[in-house]
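The structure appears right after this line, and notes come after that.
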Amino acid sequence: MTKSSLLPPNASKLERDVEAVISPPLSFPNRDIWSPERCPEHLLPHLAWALSVPVWDSAWPVERKRQVIKDSIYIHRTKGTRAAVERTVSAVRGDATVVKEWFEDKANLAPGEFEVNYLSTGEPINGAELQALVPAIAAAKNVRSTLKRITVTSRVENPEKHIPMSRQGIAMKAGPWIISSMITNSNNGMACLGRQAIRVRSGPLPLFSE
């Protein structure tokens, strides 16, 4: 026991060890440990584990880590709904996501199927992040629905009159992936350059990339 211990004389070794670990007191209120906004950065992985965050990357910026943890609370409350799937996919990168269900596209989707349309507007698409989407979606969707495809649209916008450039590299180890189209365009009459490198192998779902 520490010099200022509040434990009784008959405290067990486990209780004394716990007291030794948390003494001196934490430099922040204990309640902050459970707050995605106030939790210290070095404890965020532990908070993510405690809240069953489906996708986690230690290389993410701290702002994204906090947002993913915050989104996880909402996802667990709404599991089995369209909103939960959309929030799950958006949480990976923070980009816009729209789920299309079978009754919205009966020509291409069978009853019970759905597709995920993912708009990438920030950093180039990361193949590892896409690989993590499938199990994350499976955890958020309802049991009766089947993921048919993931459509990824990458868009880079530049409001200034300079040269917009789009460079993407995707290495897929699961598919069969289907690249439906690759589009590079400019609306300001200036130059528009695009560079894409895609290595396609095999796997369970079709990927549509624009």
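Computed over heavy atoms, backbone and side chain alike; hydrogens, waters and symmetry mates excluded.
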### Message
Determine whether a donor-acceptor pair (N or O, by modelled atom type, separation under 3.5 Å) exists between the side chain of R149 and the backbone of V116.
### Response
no

#### Entry: Flag, side chain of H76 to backbone of L51, donor-acceptor distance under 3.5 Å
yes

Qualifying residues under side chain to side chain contact (heavy atoms under 4.5 Å, CB included), relative to [X], sequence neighbours excluded:
X: V62; answer: E41, L44, R66
X: E63; answer: P61
X: A83; answer: Y74, T81
X: P135; answer: none

Distance (rounded to the nearest 0.5 Å) between [X] [atom1] and [Y] [atom2]:
X: L47; Y: I33; atom1: CG; atom2: CD1; result: 9.0 Å
X: L133; Y: T97; atom1: CG; atom2: OG1; result: 8.0 Å
X: K65; Y: S58; atom1: NZ; atom2: OG; result: 6.0 Å
X: S90; Y: Q67; atom1: OG; atom2: CD; result: 10.0 Å

### Message
Test question: given the 4.5 Å side-chain rule for I, L, V, M, F, W and Y, name all other residues clustered with L109, or answer none.
### Response
W102, F103

### Task
Report the hydrophobic cluster partners of I75, with the cluster defined as I, L, V, M, F, W, Y residues connected by side-chain heavy atoms closer than 4.5 angstrom, directly or transitively.
none

Provide the closest heavy-atom pair for [X] versus [Y] in the form atom of the first, atom of the second, distance.
X: A11; Y: L7; answer: CB-CB, 3.9 Å
X: S52; Y: S72; answer: O-OG, 3.8 Å
X: N117; Y: K100; answer: ND2-CB, 4.0 Å
X: I69; Y: W56; answer: CG1-CZ3, 3.8 Å
X: D71; Y: R87; answer: OD1-NH1, 3.1 Å
X: V55; Y: A136; answer: CG2-CB, 3.5 Å

Can you list the residues that meet the side-chain hydrogen bond (donor to acceptor under 3.5 Å, both in side chains) rule with [X], with sequence neighbours excluded?
X: E101; value: R82
X: K13; value: D17
X: K70; value: E37
X: E86; value: none

### Message
Whether K148 and E115 form a salt bridge (side-chain N of Lys/Arg under 4.0 Å from carboxylate O of Asp/Glu) is what I want to check.
### Response
no

### Query
Going hydrophobic residue to hydrophobic residue with side-chain gaps under 4.5 angstrom, can you get from V89 over to V98?
no

### Message
Is there a path of hydrophobic side-chain contacts, each under 4.5 Å between heavy atoms, that joins V68 and W34?
### Response
yes

### Message
Suppose we screen for salt bridge (charged side-chain N to carboxylate O under 4.0 Å, His left out). Which residues come up paired with D32, at least two apart in sequence or across chains?
### Response
R38

### Partners passing salt bridge (charged side-chain N to carboxylate O under 4.0 Å, His left out) against K141 (at least two apart in sequence or in another chain)
none

### Query
Are any of the side-chain heavy atoms of T153 and Y118 separated by less than 4.5 Å?
no

